[in-house]
Every structure is written in C-alpha cells, then in structure tokens.
Amino acid sequence: MEDFEGFVRARSTALARTAYLLTGDRHQAEDLLQDTLARVAERWTAVSRGGDPEPYVRRMLYTRAIDGWRGRQRRAALDTTEARQRPELRGRPDDADTVTRRLVLRDALARLTQRQRAVLVLRFYEDLTEVQTAEALHCSPNTVKSQTRHALERLRQLAPELADLFGPGTPVEAR
Amino acid sequence: MTSDLRDAFDDLSADVAPYVVGDDLGRTAWRAGRRRRTRRLAATGGLALAAAAVLALIAPWPVIPQTLGPAGTDARATGYPQRITHQWWLSDLPDRPGPLAGLVEINGPDTFGWRALSQHGNQWRLPQGIGTGDWPALSSDGRRLGYLAAQEGPYVLRDLVEGTQLRIPSISGGTIGLPARYWVGDQTPTFWSPDGAHLLLSGGERTADGTPPAGLIVDLTGSVRSVPGDLGFPAGWAAADRPVWVKVSGADGRSEYKVTATTTDLTGTPVTTVTLRPSDAWPGGGGLNQWSGLASPTGDQLLLTGYLTGDRGEVRRFSLRDGTELGVTTVDDVWVPCGSSWAGEVAAMPLMLRSDDGGTASTALLRPDGPRQVVAADPDLSATCLVWASDALAGEAHGWPFGLSTAWWSWWWREILAGAAALAMLLWGWIRLGFWRVPVRSKAAPPA
C-alpha cells in the first residue's frame, strides 16, 4: 500500500493533466483518475512486480477514457460550470488574449468525440507514435491517422482563430 | 505545429491538476481497489463454483463409484433410471456397487456389450469377454448378478452388496469343443429364484449319451445341476425350489397346437403340469420362443408373450394352477425379444422403438389401463435390450430433469450447459485479461 500511495503522490499531477485533457472537464477527470487508480490498486502487486507501473496506468487511463466509465454521463451536466469551477481561468495573471485562446481550445476540444480527443492527446501531448497510440486505443494505425486528420479538420472549423496551432497544411501525417 | 499544440495542451491543463487530484487520493483509490478486488474474487469464486457444479452434473458418477457401506442382508433396489443416456467415461463394474436397477445391452458401431445400470442411471461395463453371447442374470432385488466371463468360462456369480464373487470354471459357452463340463446357451433368458439362492439357465451337460438338456441350475455354493428331459424352455420360478418350464408342441398343423407349463423340483422331476388354455385360439404360428415364458414373482401366474407380425407382441397371462387364461394385452413395438420382467404384480415388456438408426430399447408396464412406456433411452446409445430387477422397476422412477422426453437437447443438456459455461468463462477471461495484451510505453517518466 505504501508503494501505491508513493506512486500516486509522485505521478498524480501528471496523470491528472492527461485525464483532464482526455475528458475536458475537471469533475470527469477526477472520476476518471479515481476509477483508473482504483483498478490499478486492485492489481497493484502484479502491476508493480513488472517494473515501472506508469505505462500500465496510462494505458488504463486511455482505455477508460475511450470506453467510458460510470460518471461520464452523470457529470455531463456540469460542463456549463461557473468561472470559479474553471481552473483554466484561475491561478495565473494571464492577459485576456491568453485566457480567450485557452477557453476557445477547451471548448473546441469538448466538441470533439472522445476518440478524436484521445487521439490528439496521445499523439501531441503524450507524444506517442501512431503505432503506440493505436495499441493504446485498440485500433489500427490507419484509424489513428484518419482520426487525427478528422480531429484537426474539426478543430480548424471550430476554432479558426487558433489556426497557428493546427492550421491548414500542417504535416500531421508526417510524424 | 506539434510543439505549438503540445504547448497549448500544457497550458490548458497546467492549473487543473490540484483540482483533479483530491485529498488523500492514494488511500481512497487503494480502498476502492480493495473493494473491487474482493468483489472480483467473490465473482470468480461464484463462477468457479457454478462451473464445478455444471461439471459435476456431467462427470460425477463415473469417477465416484456408488458403493454402499456395509449393507444388511435386506439390501435391494428401490428405484430405476427413467432415462438411459450416453456416458462419456465408463469403468468396469466395481465389487460393491450396491443393488443394481438393471442391465442394458449396447450394440453400437463403436461399442457393444452389456452395461450395469445403477438406480440413478450410472453405467458400468460388465467385465465380459467379447462374444460370450449369454444373457446376464440379475436377481429380482438387483443384488445378485450372474454372467459368463468369457466363452471358455468361468461363469461368475456376484453379490453386489457384500462384494463377494464365485467363479464356476465348469460352465462355459456353447461352443463345441470347449473342455468345460457344462455349457450355457446363447441368446436365452436367465432366471434367479425368488430367494436368490439358485440360478436357472438354458444349457446342459456335455454328455455322450445324447440326452436332450432342459437347463442348468446353479446354486450359490457353485454346484451345478443339469436338468435333463423334454421340459421345454426355462420360464422362471413358481417357488424358491420350483423351476417352471414351458413347452410348445404340435406347431406343424398335423397335431394339436399345445402349450404346457411344467413345474419341477430342483432335480427336474415334474411336480405339476398344466396345459395353457387361451380364451380364444392360439394365433397362427404361435410366435412363441425361448423368450416367451415368465413366471410371476408370486409363482401363481405365467406370462406368455407371442411375437406377432407387424412389430406387435401379444402378452397372455395364465394361471399356473389350472392353465386358464387371465387376460391378454397387445403391445406395439415388440420386434426384438429380450425377455420380459415384472414390476411387482405388473408385467413389464421390453420394447424396441423404431428410430433413424434402427431402433432403441425401452420398457412398457402393462398396467390395467393399458401399456405405458416408463423408460427412454438415448438413440445415440444404441441400446437394444433392457433387463430389469423387479424390485427396481416397482420402485421410484429417477428421471430428473426431463423424464421421458426424447428431444435431442434433453440428451445433451449437460454438454450444452458445460459449453455455455466454458464460453462464458472464455468471454469473461478475454474481457478481464484484455488489458494485459499490449504494453504501452509512455514518454512521461516518474521523477527520479
């Protein structure tokens, strides 16, 4: 148990950030992280015996985010949260433009499908290759490629003001 | 682009972590994991128990001999299996299986021979050599069994409750040239006396004087007595020391067709002889043979089965006191003789039900309201004859859960259940273990 708690203390912040990006909502991210860690705790002896447990934990995080978990629908109504519940608006004395871009990206990501969002997070935040992303999401590399393309096209439509992030001509397939 | 998007993701999630990571997350998750693990173990245990229960339905009897403990002398069969079904694992009949309910003859393309039947339908192989041809003898209480171990002998008498066995090497099959003093006939019925002390067989002594044999009487000490004389076919016992014989004469039309029943003592000396008098004329040809006669357990009646054309049997009851007919019943699906029996006061006829593969054995009780089938055999078993202990057939029918149903799935329900359980377990395992298939490498490494 001490090992597990030590692991959670050391890695929970990084895992929480991924969970948030995968869900787009801090409540759902909290549920996802708790659910994932409970499942990991269930098999902790076997997981920790194999060495570094983080790949397994992250894999489960991705899978749970895609396959759904209990709280997803329950928390859906919380998307329209008040500003005090939106940590992306707090904590840093950013200028208005930075905050606006952050909100636009957040809202655009929220309008992608679970799988499209997961593909973007795994490819561009977790920095996984197409093959690794396909293995994590139980799909083929071609699916990852097409999902990435569709997700970026959708983001361009939803947030043309963020064209510098994912504008036309971006060679995403080249990675 | 990619570093720009990554920076944007980084920026978006930078301040979220403290809100997502709850207080004491590690301890909370650990407790939740413990609860999940407990539930998983409980579910796994339940599934394993269910699978074990299903397997137990399929294979408990072959591996657990239904032996009795030390039995009293009054041990007897009290029930019979309503369903004779296929059995994947067969073992030889153990020394002390307890009273048997019956015997079944199998004549399939791949397997053949006699099997013993427990009261709940478990089957054991009768340890006989190939081609002995004799008819095993089961006493009315199911406790005593007699059979020819091999064509060369010996004849074996077994007490299935006490586990004792008597081997009589002086009895062999009927093959000419065998050295044994006595021979027992192929394809002939056998009869234990009501007290189980004597066994009446069709056969004789290999003598040079040519005296026609009537039968053999074997007792529990192993002594064998050949009964000579023109008495006809053995037909059971009128009392513990009174064998009954049935003789048919005048079948060629030149003399009067006559059927007589003779009761003798153990030496073959006639005590009484009665001429059987049907209420109407004997059917043409009679249709009588060595399987036809059977004395009742009370010894005052004789059952006489005529095998008619059209797969029908005509079963007449006669009084052994004066030969008068007491009743007649016609039964369908009687085209393979294998010996009738009794269920208390009710006669039981062996049937051969037509099927795609030829036929499958069954048994009908001749109740006052008409014949009623009481046993169903799996067509795939190729059962051709059923021999019952009278006490078993008069007792409780064990046919759970499908009784006399002959639907195909009712013969294979255990395999269907086991297959469904196996599929469920495979599916469960696939779902549960799917996470472990492909390891994923992450760029994010824990801090040193």
Side-chain angles (χ1 to χ4, degrees), chain A residues 1 4-14 16-21 26 29-30 33-34 37-44 52 54-56 58-60 62-63 87-88 90-92 98 101-102 105-106 109 120-121 124-128 132 135-136 162 164-167 170-172 175, chain B residues 1-48 427-448:
Chain A
M1 178 179 173
F4 178 76
E5 288 191 22
F7 170 78
V8 172
R9 268 196 304 274
R11 302 303 302 156
S12 58
T13 299
R17 293 178 69 167
T18 302
Y20 176 73
L21 290 173
R26 82 169 177 92
E30 187 179 350
L33 186 58
Q34 282 190 5
L37 289 175
R39 287 169 184 271
V40 171
E42 185 184 349
R43 295 183 173 86
W44 180 249
D52 180 12
E54 184 153 344
Y56 176 82
R58 285 188 174 273
R59 178 187 172 80
M60 184 167 281
Y62 310 148
T63 310
E88 55 271 37
R90 305 177 62 196
R92 283 176 292 175
T98 302
R101 285 172 63 85
R102 198 180 296 153
L105 175 61
R106 188 195 73 99
L109 284 174
L120 290 184
V121 171
F124 301 119
Y125 180 70
E126 296 287 298
D127 212 17
L128 299 188
Q132 290 169 336
E135 288 172 349
L162 301 180
D164 56 320
L165 297 182
F166 33 75
T170 304
V172 291
R175 289 191 72 212
Chain B
M1 184 286 289
T2 56
S3 65
D4 289 343
L5 189 52
R6 191 191 189 289
D7 290 343
F9 281 150
D10 218 20
D11 177 64
L12 183 60
S13 62
D15 294 328
V16 171
Y19 297 90
V20 171
V21 179
D23 296 338
D24 215 4
L25 175 62
R27 188 176 296 271
T28 306
W30 181 262
R31 286 175 182 159
R34 288 284 298 272
R35 286 194 297 274
R36 289 182 58 86
R37 187 162 176 268
T38 304
R39 284 198 298 269
R40 180 165 57 92
L41 289 176
T44 305
L47 201 60
L427 187 62
W428 178 83
W430 181 76
I431 290 172
R432 300 295 298 179
L433 301 178
F435 280 124
W436 298 85
R437 279 189 309 169
V438 185
V440 172
R441 182 171 54 81
S442 169
K443 79 170 185 74

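Chain naming here is simple, since letters A, B, ... match the order of the sequence lines and numbering starts at 1 in each.
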> Check each atom of B:R34 against the heavy atoms of chain A and say whether the ones under 4.5 Å are side chain, backbone, both or neither.
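When you check distances to chain A, no heavy atom of B:R34 falls under 4.5 Å.
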
> Taking only residues two or more places apart in sequence or in another chain, which ones pass ring-ring contact (aromatic ring centres under 6.0 Å, His included) with A:F4?
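Listed in chain order: A:W44, B:W30.
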
> So, B:D11 and A:R102, do they make that salt bridge, N to O below 4.0 Å?
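A salt bridge links B:D11 with A:R102.
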
> Tell me the closest heavy-atom pair linking A:L120 and B:F9, and the distance in Å.
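Closest approach of A:L120 to B:F9, heavy atoms only: O-CE1, 3.7 Å.
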
> Let me confirm one number: the CZ-CZ distance from B:R37 to A:R43, rounded to the nearest 0.5 Å.
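Rounded to the nearest 0.5 Å, the CZ-CZ separation comes to 10.5 Å.
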
> Kindly compute the distance separating OG1 (A:T13) from CG (B:L25), expressed to the nearest 0.5 Å.
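Taking OG1 in A:T13 and CG in B:L25, the distance rounds to 10.0 Å.
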
> Enter the distance from B:T28:OG1 to A:E5:CD here, rounded to the nearest 0.5 Å.
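Answer for the OG1-CD pair, B:T28 versus A:E5, is 9.0 Å.
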
> Select one option (side chain, backbone, both, neither) describing which atoms of A:L109 are under 4.5 Å from chain B's heavy atoms.
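Just its side chain gets close to chain B.
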
> Between B:R36 (side chain) and A:R39 (backbone), is there a donor-acceptor pair under 3.5 Å?
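Flag not set: sc B:R36 to bb A:R39 has no pair under 3.5 Å.
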
> Give me the atom names and distance for the closest heavy-atom approach of A:A41 to B:A29.
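Between these two residues, the closest heavy atoms are CB-O, 3.6 Å.
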
> What part of A:R17 is in contact with chain B, defined as an atom under 4.5 angstrom from a non-hydrogen atom: side chain, backbone, both or neither?
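Backbone plus side chain of A:R17, per the 4.5 Å heavy-atom cut-off to chain B.
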
